[in-house]
Amino acid sequence: MKKEKDYMGDKNIVYEEQHIKELFEKKQEELQSKIELNNMVTIDTLHNVAGVDLAYWKNKDKEYACCCIVVYDYKTLEVIEKKSSVGEVTVPYIAGCLAFREYELFEKTAQLLENNVDLYMFDGNGYLHPRHMGLATYAGIMLGKPTIGVAKSFYKFIDFDYSNLKPEEGNYIDIVIGGEVYGRVLRTHTGVKPIFVSVGNMIDLEVATKIVMNMIGEESHIPITTRYADIMTHEVRKNRLSNEK
């Protein structure tokens with residue numbers, strides 16, 4: 001009897017998550033009309049650019065995350081401000097619906113910023129998504145801010161071969177699906193693995209690529225914005241885990 005009860009419990013969980021997935025995907029489809037692909041960023045006047053990343057951990061039967069935002073001066077590449085937030089995660093992981101899991105904590109962290117941010121750069125995807133609604137795009141719509149998605153790995157919702165990408169710095173291949181450009185495979189340093197750039201909102205791919213390339217340091221193939229946001233999340237998580245012991 002116990003085995004049957006456990007099995008039914010698992011089925012209920014699967015059913016609930018399927019229902020949530022359908023609701024999330026419907027919301028994503030509704031928001032597609034709000035995506036702004038025309039460029040609203042002027043590089044010459046761009047000042048504050050923020051990198052965003054999140055990290056997760058579990059404590060007993062609960063899951064937690066920290067969101068870190070590092071704001072840079074685009075012209076000097078100096079850090080202006082750093083903020084972080086920690087919170088319990090109650091939205092389950094559902095492939096293709098990560099924005100609904102991460103946005104609330106991101107928004108909470110963004111509200112702590114003391115400086116205006118001209119553009120947010122997310123460690124993840126934007127338009128490079130089956131419904132064009134990665135976290136960068138969703139957040140851009142919600143905030144009404146220009147956003148860029150910069151992913152370290154390829155979101156394999158489609159088969160796309162970029163093995164012919166030239167090894168030299170600055171080379172790229174556009175990810176075209178059904179005649180539409182979803183994103184770009186970009187080589188930021190000669191001989192290193194590429195990154196995957198996609199627009200979030202209120203920017204075009206050409207300008208997004210220029211901004212990303214301008215924020216590539218010598219020590220890494222990813223932008224300093226998301227790199228240091230990522231480093232910061234590991235520090236915050238480590239401190240929280242130490243305090244929880």
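We're numbering straight along the sequence, starting at 1.
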Asks: Regarding E25 and K21, does a basic nitrogen lie under 4.0 Å from an acidic carboxylate oxygen?
Replies: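 The answer is yes: the pair qualifies as a salt bridge.
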
Asks: Could you check whether any side-chain N or O of N201 sits under 3.5 Å from a backbone N or O of I35, counting only pairs where one atom can act as donor and the other as acceptor?
Replies: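 Pair absent, no side-chain N/O of N201 close to backbone of I35.
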
Asks: Roughly how far, to the nearest 0.5 Å, is NZ of K210 from CG of L205?
Replies: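 Output value for this atom pair is 11.5 Å.
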
Asks: Going through the distances and angles, do R237 and L241 end up as a side-chain contact (heavy atoms from CB on, under 4.5 Å)?
Replies: CA-CA 6 Å; R237 179 171 61 184; L241 288 171; 3.9 Å; yes

Asks: Just to verify, what does K83 make a side chain to side chain contact (heavy atoms under 4.5 Å, CB included) with, not counting sequence neighbours?
Replies: E81, T109, L112, L113, E114

Asks: Rounded at 0.5 Å granularity, tell me how far OG in S198 sits from NE2 in H129.
Replies: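 Rounded to the nearest 0.5 Å, the OG-NE2 separation comes out at 10.0 Å.
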
Asks: Any heavy-atom pair between the side chains of M142 and L31 that's under 4.5 Å?
Replies: yes

Asks: Let's go through I203 and M40 carefully: what are the C-alpha distance in whole Å and the side-chain angles of both, what is the deciding distance for side-chain contact (heavy atoms from CB on, under 4.5 Å) to 0.1 Å, and is it a yes or a no?
Replies: CA-CA 6 Å; I203 195 167; M40 296 185 181; over 6 Å; no

Asks: Can you name the nearest heavy-atom pair linking V236 to C66, along with the distance?
Replies: CG1-CB, 3.7 Å

Asks: Once rounded to the nearest 0.5 Å, what's the spacing between atom OG1 of T147 and atom CG of L119?
Replies: 7.0 Å

Asks: Which distance, rounded to the nearest 0.5 Å, do you find between the CD1 of I231 and the CD1 of I224?
Replies: 11.0 Å

Asks: Determine whether a donor-acceptor pair (N or O, by modelled atom type, separation under 3.5 Å) exists between the side chain of Q28 and the backbone of G96.
Replies: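 A pair under 3.5 Å: yes.
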
Asks: Could you tell me whether the side chain of P223 reaches within less than 4.5 Å of the side chain of M121, counting heavy atoms only?
Replies: yes

Asks: Does N243 use its side chain to pair, donor to acceptor, with the backbone of N239 at less than 3.5 Å?
Replies: yes

Asks: Can E206 and R184 be counted as an ion pair, charged N to O under 4.0 angstrom?
Replies: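 Salt bridge: yes.
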
Asks: Which atom names give the shortest non-hydrogen contact between A65 and V89, and what distance separates them?
Replies: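 Taking A65 first and V89 second, the nearest heavy atoms are CB-CG2, 3.5 Å.
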
Asks: Taking all non-hydrogen atoms of both residues, which atom of Y155 and which atom of P130 are closest, and how far apart?
Replies: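 Shortest heavy-atom separation between Y155 and P130 comes out as CE2-CD, 3.5 Å.
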
Asks: Under the ring-ring contact (aromatic ring centres under 6.0 Å, His included) test against F24, which residue among Y93, Y138, F100 passes?
Replies: F100

Asks: Is K82 paired with E235 through a side-chain N to carboxylate O contact shorter than 4.0 Å?
Replies: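 Looking at K82 together with E235, the answer is no, because their closest N to O distance does not fall below 4.0 Å.
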
Asks: Run the side-chain contact (heavy atoms from CB on, under 4.5 Å) check on I94 and R101 step by step: do they pass?
Replies: CA-CA 8 Å; I94 298 172; R101 181 170 162 86; over 6 Å; no

Asks: Is there a continuous path of hydrophobic side-chain contacts, each under 4.5 Å between heavy atoms, that joins L165 to I195?
Replies: no

Asks: Under a 4.5 Å cut-off applied to non-hydrogen side-chain atoms, are D161 and D159 in contact?
Replies: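 No, every pair of side-chain atoms sits at 4.5 Å or beyond.
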
Asks: Do M202 and I148 sit in one hydrophobic cluster, given that two such residues count as connected whenever their side-chain heavy atoms are within less than 4.5 Å of each other, even indirectly?
Replies: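 Hydrophobic grouping puts M202 apart from I148.
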
Asks: Does K75 have more than 12 heavy atoms from other residues, nucleotides or ligands lying within 6.0 Å of its NZ?
Replies: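 It does: K75 NZ has more than 12 such atoms within range.
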
Asks: What distance do I141 atom CD1 and M133 atom CE have between them, rounded to the nearest 0.5 Å?
Replies: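 So the CD1 of I141 and the CE of M133 are separated by 4.0 Å.
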
Asks: Between V176 and Y182, is there shared hydrophobic-cluster membership here, with clusters defined by ILVMFWY side-chain heavy atoms closer than 4.5 Å?
Replies: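 No.
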
Asks: Heavy atoms, side chains only, cut-off 4.5 Å: are Y120 and L143 in contact?
Replies: yes

Asks: Can you tell me if T188 uses its side chain to pair, donor with acceptor, with the backbone of H221 under 3.5 Å?
Replies: yes

Asks: With rounding to the nearest 0.5 Å, note down the distance linking OG1 in T225 to CD1 in I69.
Replies: 12.0 Å

Asks: Does any N or O in the side chain of D204 come within less than 3.5 Å of the main-chain N or O of L37, such that one atom is a donor and the other an acceptor?
Replies: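 Here the side-chain-to-backbone pair does not exist.
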
Asks: Can you name the ring-ring contact (aromatic ring centres under 6.0 Å, His included) partners of Y127, sequence neighbours left out?
Replies: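 By the ring-ring contact (aromatic ring centres under 6.0 Å, His included) rule, Y127 matches H132.
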
Asks: Quick check against the 3.5 Å criterion: does S85 have a side-chain atom that pairs as donor or acceptor with the backbone of C67?
Replies: no

Asks: Side chains of D230 and I222: closer than 4.5 Å at any heavy-atom pair?
Replies: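 Not touching, per the 4.5 Å side-chain cut-off.
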
Asks: Is there a path of hydrophobic side-chain contacts, each under 4.5 Å between heavy atoms, that joins V185 and V197?
Replies: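 No; V197 is not reachable from V185 via cluster members.
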
Asks: I'd like to know if V181 and F157 are part of one continuous hydrophobic network [Ile/Leu/Val/Met/Phe/Trp/Tyr, side-chain heavy atoms within less than 4.5 Å].
Replies: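 The answer is no; the residues belong to distinct hydrophobic clusters.
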
Asks: Between F196 and Y162, is the gap from one ring center to the other below 6.0 Å?
Replies: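 Yes: the rings meet the under 6.0 Å criterion.
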
Asks: Quick one: does I216's side chain get under 4.5 Å of R227's, heavy atoms only?
Replies: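 SC-SC contact between I216 and R227 ruled out.
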
Asks: With a 4.5 Å cut-off on side-chain heavy atoms, are Y74 and I211 touching?
Replies: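 I211 reaches Y74 side chain to side chain.
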
Asks: Look at the side chain of T233 and the backbone N and O of C68, then say whether any donor-acceptor pair between them is shorter than 3.5 Å.
Replies: no

Asks: Strictly distance-based, threshold 3.5 Å: is any side-chain N or O of R187 a donor or acceptor partner for the main-chain N or O of K166?
Replies: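 Yes; judged by distance alone, with no hydrogens or angles, the pair exists.
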
Asks: For the residue pair F106 and F122, is the inter-centroid distance of their aromatic rings smaller than 6.0 Å?
Replies: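 Ring centres of F122 and F106 closer than 6.0 Å.
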
Asks: Are any of the side-chain heavy atoms of R131 and E29 separated by less than 4.5 Å?
Replies: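 Side chain of R131 against side chain of E29, heavy atoms only: contact under 4.5 Å found.
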
Asks: Please check this pair: side chain of N48 against backbone of N116, looking for a donor-acceptor N/O pair closer than 3.5 Å.
Replies: yes

Asks: Extract all donor-acceptor atom pairs below 3.5 Å that involve side chains of residues 50-59 and protein atoms in other chains or at least two apart in sequence.
Replies:
from: Y56; atom 1: OH; to: E102; atom 2: OE2; distance (Å): 2.8
from: W57; atom 1: NE1; to: E244; atom 2: OE2; distance (Å): 3.3

